[in-house]
Amino acid sequence: MDWLLEPLQYAFMQRSLVVAILVGVICSVVGSYLMVQRLALLGDAISHSLLPGLAIAFVLGINIFIGAFIAGVISTVLISLIHTRSPVKEDAAMGIVFSAFFALGITLITAIQKDNKIDLNHFLFGNILGVNASEVRDTAIIAGLVLLSVALLYKELLFYSFDPLGAQANGLPIGLLNFGLMVLIALTVVASMKSVGVILVLSLLITPGATAYLLVPRFHQVMLLGGVIGVISSISGMYLSYYYDLPSGPAIVLVVSGLFTLAFLFSPTSGLLTYARTPSGESQVLQSLKRLRWW
Amino acid sequence: MTNFTMTETAPIAVNHLSVNYRTTQALRNINVTIEPGSLIGIFGPNGAGKSTLVQAMLGLIPVVTGQVSWGDQPLASQRERVAYVPQRSQIDWSFPATVWDVVMMGRVRQTGWFHRFSVPSRRIAAAALERVGMSEFRDRRIGALSGGQQQRVFLARALAQRADVFFFDEPFVGVDQKTEAVLFQIFSELAAEGKIVLVVNHDLGESITHFDQLLLLNRELIDFGSRDRVLTPTNMTRAYGGHVQFFSAA
């Protein structure tokens with residue numbers, strides 16, 4: 001156990017641990033909505049769009065979390081503007097907006113990097129061991145806001161996610177709910193950029209929920225189990241980063257992807273190796289392989 | 001004819017309703033008054049604008065002209081009293097929700113923001129599930145049910161809303177006979193309770209005899225009224241363009 005506890009005597013590791021837990025929980029909870037609404041790409045779009053806001057905030061000397069959040073919200077507004085006011089489809093609009101924002105962000109950060117103590121790589125790939133006290137505080141505030149909102153709006157967001165038309169016909173303000181969800185996603189991604197980085201945060205948004213989805217039948221269970229999976233992954237990633245000097249983002253993502261693979265193979269209800277669907281009892285692997293042969 | 005004292009539910013008045021889908025006209029100048037207390041079927045060929053009519057009445061899609069009022073207010077501003085069951089194809093059946101979760105969605109509006117579901121709400125939902133004969137499936141994942149069972153769960157959700165206006169879009173698509181019987185039974189009961197019950201359908205078969213009134217649509221209102229009035233060769237030709245067989249039992 002020493003290898004687990006020994007690093008925690010350092011203040012920077014304690015800060016990292018707090019951030020790892022908070023980020024693991026909120027990414028999984030908010031990401032569950034993205035997964036069930038098939039909006040994974042939107043998570044990617046918002047996260048890549050944060051960079052220019054972050055850079056501008058840094059130059060202006062204001063809190064980079066605020067700058068990044070504003071850029072994230074602007075990007076979702078632009079995406080919906082393009083896809084509602086032109087024949088361009090939503091996925092294309094996302095591709096256009098997020099790559100443009102990302103390019104602008106890289107350009108700005110590269111330019112200011114020369115004279116300032118700011119490292120682009122930390123925002124791209126995460127540097128959980130480098131979070132300072134004020135970042136811990138901001139992450140905690142965001143996590144509190146996000147979890148409170150999800151708890152208070154749970155039943156409305158569930159109805160809206162499952163049956164948007166039925167929810168709208170029953171008088172729920174689905175435009176407002178959708179915008180609220182986008183704000184929660186932007187907040188979550190902002191809180192996660194120091195630990196996983198904007199490029200890989202999508203993984204921590206989608207994979208824990210998707211893993212839980214293979215194991216439990218109800219949405220709140222997907223969120224809760226997803227949260228546990230997210231926390232395990234981000235703490236493991238933190239230790240990998242500490243012992244092997246890896247950027248924390250890729251370390252976290254490798255762990256969570258490994259957990260997904262286990263669920264994909266061994267889930268009691270849908271695992272590739274454990275669940276036989278055919279009356280003959282033939283395993284799915286065999287069926288899949290037979291099917292593959294023809295492709 | 002009308003007996004408001006018994007029903008309390010006002011009629012829905014559709015006035016000069018027109019809807020465009022991109023550049024083509026989907027609905028042209030629909031005028032109709034829908035009284036409570038009868039089971040109304042909305043019929044017409046594919047692309048006649050049946051679902052569009054329902055969605056436009058509820059204010060779910062933009063209209064070019066026209067108003068839909070219920071009592072002295074627009075229907076769209078009284079949606080907490082409306083239950084709407086969309087077409088099967090609109091729903092992601094792999095969603096992680098159980099039968100119970102879906103039925104409880106019918107209690108969301110009545111429960112209100114920031115409140116937990118109350119015990120009476122749970123009782124109402126349980127009774128609705130019982131009424132459609134799906135109580136024993138309460139903890140099943142919605143995606144694990146048959147099409148007919150799924151449709152009955154959605155009917156239970158609509159019942160749990162305790163609404164006064166019910167819209168069902170193609171509820172009979174892909175359902176078994178038992179479900180069809182349950183659906184028609186409950187639709188008739190709702191109508192008899194003085195609710196407004198509108199059912200989009202396209203099947204001109206035997207089941208048409210269950211409807212008290214028919215609304216025949218093909219981008220414009222062709223006719224509205226009793227079966228005898230609506231199911232005339234002239235009307236059917238206007239709606240379906242000639243060769244169509246329909247169930248003509250009086």
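The figures here come from the full heavy-atom set of this structure, side chains too, leaving out hydrogens, waters and symmetry mates. Source: prediction; values computed, not measured.
Listed by sequence position, B:Q55 are the residues of residues 47-57 of chain B in contact with chain A, using a 4.5 angstrom heavy-atom cutoff. Heavy-atom neighbours of chain A within the stretch residues 149-174 of chain B, taken at a separation under 4.5 angstrom, comprise B:F154, B:R157, B:Q161.
Side-chain atoms of B:F114 and A:L153, non-hydrogen and from C-beta on, do get closer than 4.5 Å to each other. Two residues are said to be in side-chain contact when any heavy atoms from C-beta on lie closer than 4.5 Å; A:R218 and B:W100 meet this criterion.
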Distance-only donor-acceptor hits, side chain of residues 27-36 of chain A, under 3.5 Å, sequence neighbours excluded:
{"from": "A:S28", "atom 1": "OG", "to": "A:G24", "atom 2": "O", "distance (Å)": "2.6"}
{"from": "A:S28", "atom 1": "OG", "to": "A:G226", "atom 2": "O", "distance (Å)": "3.0"}
{"from": "A:S32", "atom 1": "OG", "to": "A:S28", "atom 2": "O", "distance (Å)": "2.7"}

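Under a 3.5 Å cut-off, the side chain of A:K155 and the backbone N or O of B:H115 do form a donor-acceptor pair. Side-chain atoms of B:R79 come within 3.5 Å of backbone atoms of A:Q168 as a donor-acceptor pair (strictly under, hydrogens ignored).
Interface summary for chain B: among A:V222, A:V216, A:D163, the most heavy-atom pairs under 4.5 angstrom belong to A:D163. Looking only at heavy-atom pairs under 4.5 Å with chain B, the residue among A:S161, A:A167, A:A151, A:A169 that has the most is A:A169.
Contact record, A:Y213 with B:S94: OH-O, 2.6 Å, taken as the closest heavy-atom pair. For the residue pair A:N170 and B:V82, the shortest heavy atom distance occurs at ND2-O, 3.2 Å.
There is no contact between A:I174 and chain B, counting heavy-atom distances below 4.5 Å.
Scored by the salt bridge (charged side-chain N to carboxylate O under 4.0 Å, His left out) test, B:D92 finds A:R38 as partners (sequence neighbours excluded).
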